[in-house]
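Below is one structure; the comments refer to it alone.
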Amino acid sequence: MDLLDTLTAKGLRGEVPTREEALAVLATTDDELLDVVAAAGKVRRRWFGRRVKLNYLVNLKSGLCPEDCSYCSQRLGSKAEILKYTWLKPDQAADAARAGVAGGAKRVCLVASGRGPTDRDIDRVTDTMAAIKEADPEVEICVCLGLLSDNQAERLKAAGADAYNHNLNTSEGTYGDIATTHTYADRVDTVQKAHGAGLSACSGLIAGMGESDEDLVDVVFALRELGSDSVPVNFLIPFEGTPLAKEWNLTPQRCLRILAMVRFVNPDTEVRIAGGREVHLRTMQPLGLHIANSIFLGDYLTSEGQAGQADLDMIKDAGFEVEGAGEATLPRHRADIAEAAQAGGSCGTAASACGSGGGCGPCGGHAHAAAPAAEATISESSEGDDELRSDLVKVRRRGAGTELAPNA
């Protein structure tokens with residue numbers, strides 16, 4: 001039985017591949033790409049059918065972050081010309097969330113830049129969640145506020161939060177190369193705090209920062225071990241004014257291989273195509289839907305994304321359907337595990353022991369990208385063509401924190 005037959009069989013049974021098999025997916029050739037997508041698609045359909053979950057980002061506080069994450073446009077010392085504003089009022093955030101829900105979003109992700117929330121910040125977010133839930137009691141709310149202190153996750157859970165996002169971003173071995181103001185262990189600790197409080201964990205990665213195949217496999221297996229319920233896969237948007245501005249390492253083919261590897265390692269977990277989808281997958285975005293079962297709708301945190309209606313049209317044209325508010329995202333056995341772990345208030349290390357994670361966007365670094373398809377004309381090579389590539393990164397100038405309507 002060849003590699004893809006083995007991976008498909010394991011995925012259909014909900015089993016995890018070996019590290020060697022995961023690495024082999026990333027090493028496949030372009031001639032094999034459609035076979036890789038088809039194999040991952042069988043696994044995706046086994047657990048999630050043809051449903052696509054829509055998520056919507058609301059950037060509650062933009063820019064001015066004291067952390068030095070190299071990939072982030074909101075980082076300390078960033079010269080990226082992004083929107084900068086302090087906390088949105090609850091009614092402003094609720095208005096922004098309403099646009100996403102009206103566009104079909106099932107989950108609203110409330111994100112704020114910074115190292116971590118103060119107790120006053122938790123109060124602000126509590127008021128914001130109340131305003132959103134008053135308008136739509138059924139909407140899921142995921143919160144992304146950075147590193148959590150003791151009892152903060154419990155407060156968020158009690159206030160109505162459903163999930164907490166905190167990405168691992170890259171492997172433990174290379175984490176010190178992209179951030180020095182906090183550690184990989186700090187991130188793991190926050191994911192565990194969130195899960196221990198009964199919040200569903202959303203935690204993912206960023207690809208394209210110059211990491212090796214081994215780094216990608218390491219972080220995806222670490223997320224599996226943490227039991228992340230949702231794994232957002234971000235593709236680096238190299239903002240001018242950040243240390244990684246010249247890191248154009250991705251092609252659409254590479255992105256699809258990464259998504260497939262994540263799906264094989266997490267066969268029954270929500271896999272979300274997150275920041276950078278429009279920039280790096282470009283016209284091959286519909287193929288990504290055959291692997292992932294979740295995307296963001298409209299704009300991201302600090303960059304513009306594809307128009308919301310274009311997202312909806314793409315889903316329909318590709319033969320998929322938007323997941324309804326009354327439909328469970330996770331397979332029943334995963335939901336049972338997550339609920340049992342949350343009720344117990346603890347998180348084991350094995351994927352079968354809990355459902356934890358964290359991840360709406362990479363530390364608030366990317367917002368929904370709305371670059372028109374006509375602008376997606378960059379070279380597929382991983383070097384050069386910086387003048388063309390720079391046109392793909394569109395800073396968000398609409399939606400939350402502005403006087404303009406969002407593009408949801």
Side-chain angles (χ1 to χ4, degrees), residues 25-26 28 30 33-34 36-37 40 57 70-73 80 167 169-170 178 204-213 215-216 219-220 231-240 242 244-263 271-292 294-307 310-311 314 318 359-362 365-396:
V25 173
L26 298 178
T28 53
D30 286 351
L33 183 61
L34 288 181
V36 172
V37 173
L57 284 164
S70 298
Y71 52 80
C72 187
S73 60
N167 294 324
N169 291 329
T170 193
I178 65 167
L205 64 140
I206 309 173
M209 298 190 291
E211 69 283 339
S212 67
D213 286 0
D215 290 323
L216 287 171
V219 68
V220 173
V231 179
V233 181
N234 296 280
F235 301 112
L236 177 71
I237 300 179
F239 274 94
E240 291 296 328
T242 65
L244 298 184
K246 303 302 180 184
E247 293 288 338
W248 289 93
N249 302 309
L250 298 170
T251 65
Q253 294 87 350
R254 172 72 168 169
C255 293
L256 289 171
R257 290 187 192 97
I258 292 169
L259 287 171
M261 184 270 288
V262 174
R263 169 56 71 203
V271 175
R272 185 183 312 164
I273 315 176
R277 163 168 63 92
E278 299 86 343
V279 173
H280 295 293
L281 278 170
R282 305 193 291 279
T283 58
M284 295 178 75
Q285 289 181 64
L287 284 180
L289 296 178
H290 287 271
I291 304 171
S294 178
I295 63 171
F296 282 109
L297 176 74
D299 289 331
Y300 300 92
L301 298 173
T302 61
S303 67
E304 291 184 351
Q306 186 167 283
D311 288 335
M314 176 180 69
C360 285
H366 305 321
H368 260 166
E375 295 172 348
T377 57
I378 72 174
S379 166
E380 301 254 338
S381 74
S382 61
E383 298 179 4
D385 296 329
D386 289 337
E387 184 177 351
L388 287 174
R389 294 178 194 276
S390 64
D391 290 340
L392 291 174
V393 181
K394 297 293 184 181
V395 174
R396 181 173 68 84

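Here the structure is a predicted model, which means the values were calculated and not measured.
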Identified side-chain contact (heavy atoms from CB on, under 4.5 Å) partner of Arg257 from the options Val37, Asp213, Asp30: Asp30
Hey, is the main chain of Ala274 close enough, under 3.5 Å, to the side chain of Asn234 for a donor-acceptor pair? no
Side chain to side chain donor-acceptor pair (under 3.5 Å) with Gln285: which residues, sequence neighbours excluded? Arg277, Gln306
Under 3.5 Å, is there a donor-acceptor pair between the side chain of Asp311 and the main chain of Gly298? yes
Just say parallel, tilted or perpendicular for the rings of Phe235 and His280, cut-offs at 30° and 60°. perpendicular
Just by distance, do the side chain of Glu211 and the backbone of Met209 share a donor-acceptor pair under 3.5 Å? yes
Once rounded to the nearest 0.5 Å, what's the spacing between atom CG of Leu256 and atom CG of Leu287? 5.5 Å
Please report the shortest heavy-atom distance between Leu289 and Ile273, naming the atom on each side. N-CD1, 4.3 Å
When rounded to the nearest 0.5 angstrom, what is the spacing between CG in Leu281 and SG in Cys255? 5.0 Å
Where do Ala318 and His290 come nearest, in terms of heavy atoms and distance? O-NE2, 4.4 Å
Can you confirm whether Val219 sits close enough to Asn169 that some side-chain heavy atom of one is under 4.5 Å from a side-chain heavy atom of the other? no
Just verifying a value: how many Å separate Leu236 CG and Thr170 OG1, rounded to the nearest 0.5 Å? 11.0 Å
Between Arg263 (side chain only) and Ile291 (backbone N and O only), is there a donor and an acceptor less than 3.5 Å apart? yes
Counting C-beta onward and ignoring hydrogens, is there a side-chain heavy-atom pair between Leu250 and Ile258 closer than 4.5 Å? yes
In Å and rounded to the nearest 0.5 Å, what is the CE to OG1 distance from Met261 to Thr28? 11.0 Å
Between atom OG of Ser73 and atom CG of Leu244, what is the distance when rounded to the nearest 0.5 Å? 11.5 Å
Apply side chain to side chain donor-acceptor pair (under 3.5 Å) to Thr242 and list each qualifying residue two or more places apart in sequence or on a separate chain. none
Donor-acceptor pair, Asn249 side chain versus Gly208 backbone, under 3.5 Å? yes
Within the distance-only criterion (no hydrogens, no angle test), does the side chain of Arg282 pair as donor or acceptor with the backbone N or O of Val279 below 3.5 angstrom? yes
Tightest non-hydrogen contact, residues Pro232 and Asn167, listed as CG-OD1, 4.0 Å
Between Ser294 (side chain) and Arg272 (backbone), is there a donor-acceptor pair under 3.5 Å? no
Residue pair Glu247 / Pro238: nearest heavy atoms and the distance that separates them: O-CG, 3.5 Å
